Amino acid sequence: MNSKPARVRFAPSPTGRLHLGGARTALYDYLLARATGGQFILRIEDTDRKRYQPEAEAEFVRALRWLGLEWDEGPDIGGPYGPYRQSERKEIYQRYAWELVERGHAYPCFCSAERLQKVREEQKRRKESIRYDGHCRNIPPAEARARVEAGERHVIRFKMPREGQVVCRDALRGEIVYDNANLDDSILVKSDGLALYHLASMVDDHLMEITHVLRGSEWLPTFPLHVHIYQAFGWEQPEWVHLSVFLKPSGKGKMSKREAANLMKDGRSIFITDLEAMGYLPEATINWIALMGWSYDDRTEFFTLDDLVQKFSIRKLNPAPAAINFSKFDHFNGLHIRALPLDDLMRRVRPFFERAGYQVDDEKLRQIMPILQPRLKTLSDAPEVAGFFFEDRAEPDPQRLLGKRLTPAQALAAARRLRAMIDEWPDLSQETGEAPVRALAAEMNVKAGDLFALLREAVTGRPVSPPIFDTMVILGRETVLQRLDRAIEILAAMEN
RNA sequence: GCCCCCAUCGUCUAGUGGACCAGGACGUGGCCCUCUCAAGGCCAAAACAGGGGUUCGAACCCCCUUGGGGGCACCA
């Protein structure tokens with residue numbers, strides 16, 4: 001809407017699950033693509049065989065779909081720039097790596113892992129910066145070529161200039177200048193022939209005509225390498241956008257595996273595919289993560305995905321790290337639950353009743369919705385708030401039937417009177433019921449609050465519930481009377 | 001050790017030299033509504049890390065310090 005169509009990619013590595021940070025990157029990718037009428041692309045960066053997890057790709061797909069972030073090109077649906085899995089693009093990277101070698105920007109390196117390890121240890125001991133020592137950097141090209149052709153095990157390294165500076169432009173930070181002398185001759189292609197991120201991602205972004213690269217700020221240290229690679233090829237760079245990392249809720253330290261495990265113990269999760277079962281809405285998740293590192297103005301906070309497409313702008317991104325705030329997530333979830341049409345809420349909340357073991361009656365469920373909606377922080381709260389509607393009987397607690405200050409005798413008398421009254425009422429609504437209950441309280445010289453407590457406990461078996469008249473209307477007179485009879489039994493037993 | 005990034009209430013943030021004795025939201029406390037619990041409404045406490053500059057004027061620009069974060073793999 002504001003600029004040329006953007007081609008933006010979300011490129012996860014299938015080594016784990018989609019978490020909040022990744023989801024936010026994917027969201028911003030999606031928003032940028034949609035806002036400009038461009039394409040949102042899913043690419044799988046599976047160049048690391050050792051850490052590869054076969055289930056991970058499907059897990060990412062599921063998580064992204066749940067969030068509602070549909071892509072235009074990807075491994076599952078194909079597209080004009082495929083394949084979209086890096087493991088299927090091995091030959092492409094080989095070709096580009098050798099092009100770099102021929103242009104003098106890269107070289108084969110034959111150092112063993114053992115030698116490298118030793119070099120590093122020595123550097124560490126001498127408190128020098130840890131870097132490749134350039135052992136193979138000046139092997140004559142013809143000789144290097146011959147050794148490669150002879151089948152000698154090798155990697156390909158970038159030949160970083162030893163002097164000068166690189167100017168790297170980040171959309172949020174402006175120009176960042178790095179001294180080449182501090183940069184390393186990083187490996188581009190491993191000895192197994194597969195490219196590393198540094199090469200694969202640059203080549204793919206170029207070939208796929210990616211216009212904006214959104215990635216975590218942990219890539220800032222290798223940013224200059226990537227710019228060098230682009231320049232070595234003579235390619236036009238995309239717009240680089242380095243997003244801040246998410247910090248632990250305490251604000252002390254980055255989100256980590258360890259911290260994620262800790263959060264689980266508190267019933268919280270940073271993994272997208274856990275959120276549904278925990279009763280969170282994708283709408284709320286989107287709204288929440290969108291606002292961690294981005295803002296629209298000084299007051300608007302409620303956004304749907306479509307709103308965000310309309311309002312998103314890279315310019316409003318914030319480079320500072322953000323601590324995850326779960327109580328705000330709960331707040332947004334409540335807002336989005338309350339924004340749901342009732343039949344939609346009904347559809348979504350039903351599985352939570354079923355999972356809690358309730359036989360769900362459709363008509364009753366429908367009637368419950370208006371009183372359930374404002375009482376839900378998460379969908380999983382539903383059984384606790386309204387499960388009693390589906391219970392065959394309520395089992396009142398004898399003490400609680402007495403409210404704050406009723407004697408057993410008073411409570412028994414009151415219960416009998418209430419039962420008789422309710423039996424006579426034309427309906428169980430607040431309009432017909434409230435005045436008589438209050439009148440009874442006055443007549444018996446007890447607090448109306450205690451009578452309501454008695455009624456609530458008898459009818460629902462719980463000390464808290466939705467408004468009692470609304471509750472009774474849904475339960476129906478027959479059920480209410482049965483439950484009152486049971487309460488009367490209990491109170492009569494207390495008397496003796 | 002070296003390199004890089006960041007810095008406004010506890011947290012997420014608005015703010016791009018005068019409209020700011022700094023606005024919103026979550027959370028917290030209080031009040032209202034009220035049959036309990038929510039929802040809703042109102043109110044309150046709560047921040048420009050410190051020090052130097054630049055300027056008539058600085059939360060906003062520059063420098064230093066401090067603090068926080070990230071990175072230094074044949075991981076991404």
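All chains are named by letter (A, B, ...) in the order of the sequence lines, taking the proteins before the strands, and each is independently numbered beginning at 1. Just so you know, these numbers use all the heavy atoms, side chains as well, and skip hydrogens, waters and symmetry mates. Treat the numbers as computed from the prediction; the structure is a model and nothing was measured.
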With A:F302 via ring pair (Phe, Tyr, Trp, His ring centres under 6.0 Å) - residues at least two apart = A:H336
Hunt down the Watson-Crick or G-U wobble partner of B:C61, both distances under 3.5 Å, from any strand shown, or write none.
-> B:G53
Identity of whatever pairs with B:A7 - Watson-Crick or G-U, under 3.5 angstrom | B:U66
Validation row, ring centre A:W98 to ring centre A:Y93 under 6.0 Å = no
Between N or O atoms, less than 3.5 Å apart, protein on one side and nucleotides 23-25 of chain B on the other: list the pairs.
unit_1	atom_1	unit_2	atom_2	d
B:G23	O2'	A:R299	NH2	3.4
B:G24	O4'	A:D298	O	3.2
B:G24	N2	A:E301	OE2	3.4
B:A25	O4'	A:E301	OE1	3.4
B:A25	O2'	A:E301	OE1	2.5
B:A25	O2'	A:K328	NZ	3.3
B:A25	N3	A:K328	NZ	3.0

Select base, sugar-phosphate, or nothing to describe what A:R315 touches, counting heavy atoms under 4.0 Å on all strands.
-> base
Check salt bridge (Lys or Arg N to Asp or Glu O under 4.0 Å) between A:R162 and all other residues, then give those that pass, not counting sequence neighbours.
-> none
Map A:A323 and A:E175 onto RNA chain B by nearest heavy atom, then report which one ends up closer to the 5' terminus.
-> A:E175
Residues passing the side-chain contact (heavy atoms from CB on, under 4.5 Å) test with A:I130, sequence neighbours excluded, are A:R120, A:Q123, A:K124
Considering every strand shown, what is the Watson-Crick or G-U wobble mate of B:U28 when both distances are under 3.5 Å?
-> B:A44
A:R400 meets the salt bridge (Lys or Arg N to Asp or Glu O under 4.0 Å) criterion, sequence neighbours left out, with A:E457
Which part of the nucleic acid does A:D330 contact within heavy-atom distance under 4.0 Å: base, sugar-phosphate only, or nothing?
-> nothing
Name all residues meeting the salt bridge (Lys or Arg N to Asp or Glu O under 4.0 Å) criterion together with A:R173; count only those two or more places apart in sequence or in a different chain, and write none if there are none.
-> A:D170
Non-neighbouring partners of A:F390 that pass ring pair (Phe, Tyr, Trp, His ring centres under 6.0 Å), sequence neighbours left out | A:F353
Can you name the ring pair (Phe, Tyr, Trp, His ring centres under 6.0 Å) partners of A:H105, sequence neighbours left out?
-> none
A:A322 or A:S327, whichever maps to the more 5' nucleotide of RNA chain B | A:A322
Checking all strands, does A:K316 fall into the base, sugar-phosphate, or nothing category for heavy-atom contacts under 4.0 angstrom?
-> sugar-phosphate
Across every strand shown, the nucleotide meeting Watson-Crick or G-U wobble geometry with B:C2 (both distances under 3.5 Å) is B:G71
Using a 4.0 Å cut-off on protein heavy atoms (strictly under), produce a 5'-to-3' string for nucleotides 32-39 of chain B with B for base contact, S for backbone-only sugar-phosphate contact, and - for none.
-> ---BBBBS
Contact class for A:Y178 (heavy atom, under 4.0 Å): base, sugar-phosphate, or nothing?
-> sugar-phosphate
Sugar-phosphate atoms are those with a prime plus P, OP1 and OP2; base atoms are the rest. Using that split, label each nucleotide of nucleotides 58-76 of chain B B, S or - for protein heavy atoms under 4.0 Å, 5' to 3'.
-> -----------SBSSSBBB
Residues in ring pair (Phe, Tyr, Trp, His ring centres under 6.0 Å) contact with A:H242, at least two apart in sequence or another chain = A:F223
Taking the six-membered ring for Trp and the full ring for Phe, Tyr or His, determine whether the centres of A:W219 and A:Y197 are under 6.0 Å apart.
-> yes
Contacts of A:P238 meeting side-chain contact (heavy atoms from CB on, under 4.5 Å) (sequence neighbours excluded), chain-then-number -> A:V213, A:Y230, A:W240
Please work out if A:G293 contacts a base, only the sugar-phosphate, or nothing of the nucleic acid, heavy-atom cut-off 4.0 Å.
-> sugar-phosphate
